Amino acid sequence: MDITSIGIVGAGQMGNGIAHVCALAGYDVTLTDVNADALEEAVKIIGTNLDRQVSREKIAQNDRDAAMQRIRTTSTLIELGPSDLIIEAATEREDVKHAIFAELLPALKPETILTSNTSSISITRLASRTDRPEKFMGFHFMNPVPVMQLVELIRGIATDEPTYDACRSVVDRLEKTAATAEDFPAFIVNRILMPMINEAVYTLYEGVGTVTSIDTSLKLGANHPMGPLELADFIGLDTCLAIMNVLHDGLADTKYRPCPLLTKYVEAGWLGRKTQRGFYDYRGEGDPVPTR
């Protein structure tokens with residue numbers, strides 16, 4: 001299938017990043033979100049990030065302008081109907097994704113490929129709630145999308161070869177690298193990454209180290225560019241908790257039990273950078289301050 005147009009559901013951090021790289025690669029992009037303000041903010045962020053690429057001579061000004069012209073926004077989900085490929089990038093809640101698919105499916109062309117950017121939820125289970133399980137797969141971008149080179153491609157049990165090949169071709173056109181993962185909870189990256197973050201939270205919870213000492217230890221002792229607690233704030237603590245719950249429920253192993261402190265932060269609404277408070281407090285004018 002020759003994919004020329006891409007519909008993206010969700011204008012948050014992942015959705016606007018996916019729209020950015022797809023438009024820059026020459027695809028016609030329709031970006032949708034239930035929140036009109038989120039759509040307006042997404043377009044501003046995409047423009048700013050493209051301007052940054054121009055200033056660093058990564059792209060030309062005319063490429064930036066052309067990419068912006070390829071992006072249209074809508075608050076009406078069914079307007080994604082004519083798209084050749086749909087990438088759902090809504091919140092990491094399965095019930096929300098089911099509701100999106102239920103509303104979207106009647107508007108889609110029979111040949112349209114439907115994908116989810118889920119970082120942990122079963123692709124087979126999501127596909128089973130649609131009318132096209134053979135044309136459904138996981139299309140998991142890394143954050144921040146314009147910078148990170150990896151895309152995980154996850155086939156459900158019913159995903160056919162032409163669907164996989166078409167999605168693989170999109171990844172190639174985006175000049176990113178595809179890694180094929182089997183449909184197990186959290187796939188590859190988050191199966192490894194999230195338990196590390198969760199263990200860092202346990203290390204804080206048990207008083208082994210402070211936020212600063214834990215992040216400094218991993219940055220200087222393991223050469224990580226970002227400490228695990230700083231990374232958790234960047235990802236979103238609600239997302240980290242959701243993935244740990246998927247791992248714990250899906251694999252039935254106590255080693256994946258979410259740390260109670262992670263749960264407490266999420267219950268407090270301290271979700272990281274997006275709420276200005278998580279393991280660090282970002283509300284001041286200077287550097288973020290550890291909250292513990």
Side-chain angles (χ1 to χ4, degrees), residues 1-33 35-75 79-80 82-90 112-113 115-119 137-153 164-180 189 193 224-226 230-231 233-236 239 273-274:
M1 180 179 179
D2 184 21
I3 294 173
T4 61
S5 57
I6 297 176
I8 299 167
V9 182
Q13 192 170 35
M14 295 304 297
N16 74 58
I18 296 168
H20 172 144
V21 298
C22 289
L24 194 56
Y27 292 106
D28 293 324
V29 174
T30 303
L31 179 64
T32 186
D33 198 285
N35 187 331
D37 291 339
L39 286 170
E40 184 178 347
E41 181 66 18
V43 172
K44 289 180 182 177
I45 290 171
I46 293 168
T48 299
N49 289 339
L50 286 167
D51 287 339
R52 186 178 296 113
Q53 288 180 295
V54 171
S55 68
R56 294 175 179 175
E57 300 183 347
K58 300 289 186 181
I59 62 172
Q61 182 67 43
N62 61 337
D63 293 331
R64 180 263 186 213
D65 296 340
M68 291 299 295
Q69 291 175 0
R70 293 188 191 101
I71 300 171
R72 61 181 291 265
T73 63
T74 177
S75 295
E79 288 192 33
L80 271 59
S83 303
D84 299 321
L85 169 68
I86 302 293
I87 303 174
E88 173 272 313
T112 296
I113 293 173
T115 69
S116 176
N117 185 60
T118 179
S119 54
M137 66 181 297
F139 209 148
H140 181 213
F141 289 83
M142 305 295 124
N143 186 31
V145 179
V147 175
M148 302 298 281
Q149 290 300 303
L150 183 70
V151 180
E152 283 184 316
L153 294 179
Y164 174 83
D165 291 342
C167 290
R168 182 67 182 255
S169 296
V170 171
V171 175
D172 291 341
R173 182 164 162 182
L174 297 179
E175 298 184 351
K176 294 189 180 293
T177 299
T180 303
V189 173
L193 176 64
H224 289 192
M226 189 181 293
E230 182 185 3
L231 179 57
D233 275 0
F234 181 76
I235 294 168
T239 300
R273 292 194 182 200
K274 59 188 173 185

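Treat the numbers as computed from the prediction; the structure is a model and nothing was measured.
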Min side-chain heavy-atom separation [X]-[Y] under 4.5 Å:
X    : Y    : answer
K274 : F234 : no
M137 : C167 : yes
I86  : T112 : yes
I18  : N117 : yes
D33  : S75  : no
V170 : L174 : yes
M142 : V189 : yes
R72  : E79  : yes

Checklist entry - Between the side chains of D65 and Q69, is a donor N or O closer than 3.5 angstrom to an acceptor N or O? => result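 Q69 and D65 do not have a side-chain donor-acceptor pair below 3.5 Å.
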
Output the distance between atom [atom1] ([X]) and atom [atom2] ([Y]), rounded to the nearest 0.5 Å.
X    : Y    : atom1 : atom2 : result
L85  : S169 : CG    : OG    : 11.5 Å
L24  : M68  : CG    : CE    : 11.5 Å
F139 : R168 : CZ    : CZ    : 10.5 Å
C22  : F141 : SG    : CZ    : 5.0 Å
I6   : D28  : CD1   : CG    : 9.5 Å
E230 : H224 : CD    : NE2   : 13.0 Å

Locate the shortest heavy-atom distance separating [X] from [Y]; write the atom from each residue and the value.
X    : Y    : answer
V29  : A23  : CG2-N, 3.7 Å
Q61  : V54  : OE1-CG1, 3.6 Å
L153 : A178 : CD1-CB, 3.9 Å
L31  : G10  : CD1-O, 3.4 Å
A42  : A11  : CB-O, 3.5 Å
M14  : V145 : CE-CG2, 3.6 Å

Next on the checklist: Go through it in stages, so that I can follow the logic: the residues are V171 and T177, the test is side-chain contact (heavy atoms from CB on, under 4.5 Å), and I'd like the CA-CA distance, side-chain angles, deciding distance and then a yes or no.
Outcome noted: CA-CA 7 Å; V171 175; T177 299; 5.9 Å; no

Checklist entry - E88: what forms a side chain to side chain donor-acceptor pair (under 3.5 Å) with it, not counting sequence neighbours? => result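 With neighbours one apart ignored, the set is K97, S116.
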
Next on the checklist: Test side-chain contact (heavy atoms from CB on, under 4.5 Å) on V43 and T73; report intermediate values, then the result.
Outcome noted: CA-CA 9 Å; V43 172; T73 63; 3.7 Å; yes

Next on the checklist: Pair L80, V9 - check side-chain contact (heavy atoms from CB on, under 4.5 Å), show working.
Outcome noted: CA-CA 9 Å; L80 271 59; V9 182; 3.6 Å; yes

Checklist entry - Would the number of heavy atoms belonging to other residues, nucleotides or ligands and lying under 6.0 Å from CD of Q149 be above 12? => result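 Correct, the count exceeds 12.
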
Checklist entry - Could R70 and Y27 be counted as a cation-pi pair, given that NZ or CZ must be under 6.0 Å from the ring centre and within 45° of the axis? => result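 No, cation not above the ring by the 6.0 Å, 45° rule.
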
Next on the checklist: If you apply the rule side-chain hydrogen bond (donor to acceptor under 3.5 Å, both in side chains), what do you find for Q53 with H20, and how did you get there?
Outcome noted: CA-CA 11 Å; Q53 288 180 295; H20 172 144; 2.8 Å; yes

Using a 3.5 Å distance criterion without hydrogens, assess whether the side chain of [X] forms a donor-acceptor pair with backbone atoms of [Y].
X    : Y    : result
R173 : A25  : yes
K176 : M148 : yes
D233 : R273 : no
S83  : S5   : no

Next on the checklist: Run the side-chain contact (heavy atoms from CB on, under 4.5 Å) test against I45 and tell me which residues pass, sequence neighbours left out.
Outcome noted: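 Scan of I45 (side-chain contact (heavy atoms from CB on, under 4.5 Å), adjacent residues dropped) gives N16, E41, N49.
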
Item to check | Verdict with reasoning, L193 to I235, per side-chain contact (heavy atoms from CB on, under 4.5 Å) | outcome: CA-CA 11 Å; L193 176 64; I235 294 168; 4.3 Å; yes

